[in-house]
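Inspection log for the structure reproduced underneath, given as structure tokens.
To find a chain, count down the sequence lines: A is the first, B the second, and so on, and within it residues start at 1. The analysis underlying the following values was restricted to heavy atoms, covering all of them including side chains, and did not include hydrogens, waters or symmetry mates. Computed from a prediction, not measured in an experiment: that's the story for all the values here.
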Amino acid sequence: MSALDIFFQQIINGLTLGIIYAMIALGYTMVYGIAQLINFAHGEIFMVGAYLGLTIYLAIQGFAFGPAGLVILVPLIFIFTMLGCSALGALVEQTAYRPLHNAPRLAPLITAIGVSFLLQNAVMLLYGPQDKYFPNLIPIHRFSFGAVTFTNLQMIIAAAALILMGLLNLVIMHTRTGKAMRALAEDRQAAYLMGIPVNRVITQTFVIGSAMAGAGGLMFGMYYNTINFHDGYLAGLKAFTAAVLGGIGNIPGALIGGILIGVLEGLGAGYLSSEWKNVFAFFILILILLFRPQGLLGTRVVKKL
Amino acid sequence: MLKVTGLHSGYGKIEILKGVKLEVPAGKIVTLIGSNGAGKTTLLMTLSGIVASKKGSVQFEGYSIERLAPDAIVRLGITQVPEGRRVFAHLTVEENLDLGAYTRTPGKELAHDKEEFLDLFPALRERLRHLAGNLSGGEQQMLAMARALMARPKLLLLDEPSLGLAPKMVDLVFDLIQQINERGITLLLVEQNALRALELAHYAYVLESGRIQLEGSGSELLASPTVIEAYLGG
């Protein structure tokens with residue numbers, strides 16, 4: 001493989017990973033922008049998405065017959081995984097964050113860590129501590145251009161992400177709820193004065209962010225074929241880095257940040273060593289916090305963290 | 001319509017309102033004047049449910065509203081145009097108006113109201129697709145008022161609507177306040193421009209250090225030596 005081949009190959013792998021990070025980062029950034037809260041349990045919702053996807057697949061795989069069945073099966077798994085994660089996100093918001101509405105800012109951060117441990121351990125108890133095999137939901141085809149290959153799965157992940165992000169954009173820009181979310185992100189008190197039920201809109205934000213993270217978890221399982229109850233921790237931290245990189249609170253920023261982190265990680269793994277790949281994300285986090293704390297697209301310096 | 005008795009409220013341990021008593025009769029313009037820090041904004045924010053009341057009662061059309069959430073108060077028919085306009089700068093003018101009507105069901109009546117308010121504030125019609133943050137201060141005040149009216153309030157609370165505006169705009173704002181009242185909407189107006197606000201008022205209150213110090217019809221207060229000395233520049 002020539003250096004150029006490695007470069008393109010790692011870009012493709014990095015893009016896939018970056019899309020998954022972006023799916024998680026969207027929820028981080030939305031919840032921060034709208035509820036002014038860092039939901040550190042968000043990575044765990046992503047992890048639960050992977051396990052939930054697997055469970056749903058195992059439950060309904062018998063009903064799929066041939067390639068035509070897959071066209072229905074895979075979207076169904078996505079939909080149910082997203083619904084399940086939405087419900088979990090709403091539950092976390094109502095039980096762990098809502099009662100701390102007027103508490104000092106550190107309190108919800110600590111409950112978030114508690115929720116993280118709770119979810120990790122719950123999944124460990126249910127599914128066991130060892131890696132779980134995540135079967136291929138679809139037959140994998142490889143496409144090769146010289147030494148560079150990519151798979152139909154990578155294309156499906158990209159397409160699914162594109163569809164979901166398009167829907168998210170539609171909701172945020174054109175629905176009543178989306179307008180209320182943007183108003184809330186800008187001025188919570190003024191939103192209240194317009195009669196916007198602020199608590200309900202915050203719950204809706206968790207619901208949408210969790211659905212995106214759940215879909216991301218499912219993509220992660222499909223892509224790597226093994227999942228572990230620890231997976232949410234690292235992926236969550238990297239997605240958080242992606243959200244900060246793009247400018248926390250900024251939705252297009254989360255997308256760009258996620259893809260950048262994924263690509264840099266891919267390139268780092270390709271050229272240096274895959275053992276170092278985790279270092280890059282956090283090295284970037286330190287660099288942003290030092291030199292551009294508002295992130296790439298952020299205009300304001302983050303006031304409170 | 002609105003009856004406030006013995007109202008105490010503030011932030012944390014700091015008490016700003018120390019037993020406010022006032023009434024706003026239906027269909028009238030009631031003005032509240034007072035120096036900086038007297039508690040005027042705190043009073044409006046308490047009426048809107050943003051600041052929690054500690055003691056006392058707020059009756060609106062017979063309902064006790066002092067424990068209600070801000071969105072429930074809007075649903076009952078009290079909307080506020082806050083000090084400093086507080087339009088959603090990154091949203092378009094039209095989106096701001098739509099958010100003003102958040103508590104209402106979309107439909108013919110709503111569309112009709114929107115047209116009506118755009119006639120009342122023609123400057124907004126040309127800028128429906130502009131970001132609210134790009135409007136001038138006067139236009140933002142128009143938008144803030146139109147946005148609040150979109151909720152179809154029975155009682156409109158206006159906090160310093162003329163603050164920081166060019167003299168011509170100030171005239172327009174007071175003219176609009178009159179017009180809004182003529183449409184049957186009751187107004188509680190907080191103003192630093194005491195002269196204009198008292199001229200307009202059917203009834204007025206002077207708030208100092210969290211208590212009502214003086215009350216009377218607009219013309220009575222305009223003639224009061226205390227008011228002349230403290231608020232009308234001697």
Check whether B:M150 gets within reach of chain A through its side chain, its backbone, both or neither, counting any heavy atom under 4.5 Å. neither
Taking atom CZ of A:F78 as the centre, does the number of heavy atoms from other residues, nucleotides or ligands within less than 6.0 Å exceed 12? yes
What are the atom names and distances for all donor-acceptor pairs below 3.5 Å between chain A and chain B?
unit_1: A:R176; atom_1: NH1; unit_2: B:Y102; atom_2: O; d: 2.3
unit_1: A:K179; atom_1: NZ; unit_2: B:D98; atom_2: OD2; d: 3.2
unit_1: A:R182; atom_1: NH1; unit_2: B:E95; atom_2: OE1; d: 3.3
unit_1: A:R182; atom_1: NH1; unit_2: B:E95; atom_2: OE2; d: 3.4
unit_1: A:R182; atom_1: NH2; unit_2: B:E95; atom_2: OE2; d: 2.9
unit_1: A:E186; atom_1: OE1; unit_2: B:H90; atom_2: N; d: 3.0
unit_1: A:E186; atom_1: OE2; unit_2: B:A89; atom_2: N; d: 2.2
unit_1: A:E186; atom_1: OE2; unit_2: B:H90; atom_2: N; d: 3.3
unit_1: A:D187; atom_1: OD1; unit_2: B:R86; atom_2: NH2; d: 3.1
unit_1: A:D187; atom_1: OD2; unit_2: B:R86; atom_2: NE; d: 2.6
unit_1: A:Q189; atom_1: OE1; unit_2: B:R86; atom_2: NH2; d: 3.0

Which pairs, with at least one residue in residues 252-265 of chain A and sequence neighbours excluded, count as a side-chain hydrogen bond (donor to acceptor under 3.5 Å, both in side chains)? A:Y21-A:E265, A:K238-A:E265
Non-hydrogen atoms of A:M219 and A:A160 that approach each other most closely: CE-CB, 3.9 Å
Shortest non-hydrogen pair, A:S86 vs A:A211, comes out as OG-CB, 3.4 Å
Tell me, for B:V81 versus chain A, whether the close heavy atoms (under 4.5 Å) come from the side chain, the backbone, both or neither. neither
Between B:A89 and chain A, which part of the residue has a heavy atom less than 4.5 Å away: side chain, backbone, both or neither? both
Below 4.5 Å from any heavy atom of chain A, which atoms of B:L91 appear? Answer side chain, backbone, both or neither. both
Any side-chain donor-acceptor pair under 3.5 Å between A:N39 and A:Y97? yes
In this structure, CD1 of A:I24 is separated from CD1 of A:I45 (nearest 0.5 Å) by 11.5 Å
Which value, rounded to the nearest 0.5 Å, describes the distance between B:L47 atom CG and B:L2 atom CG? 5.5 Å
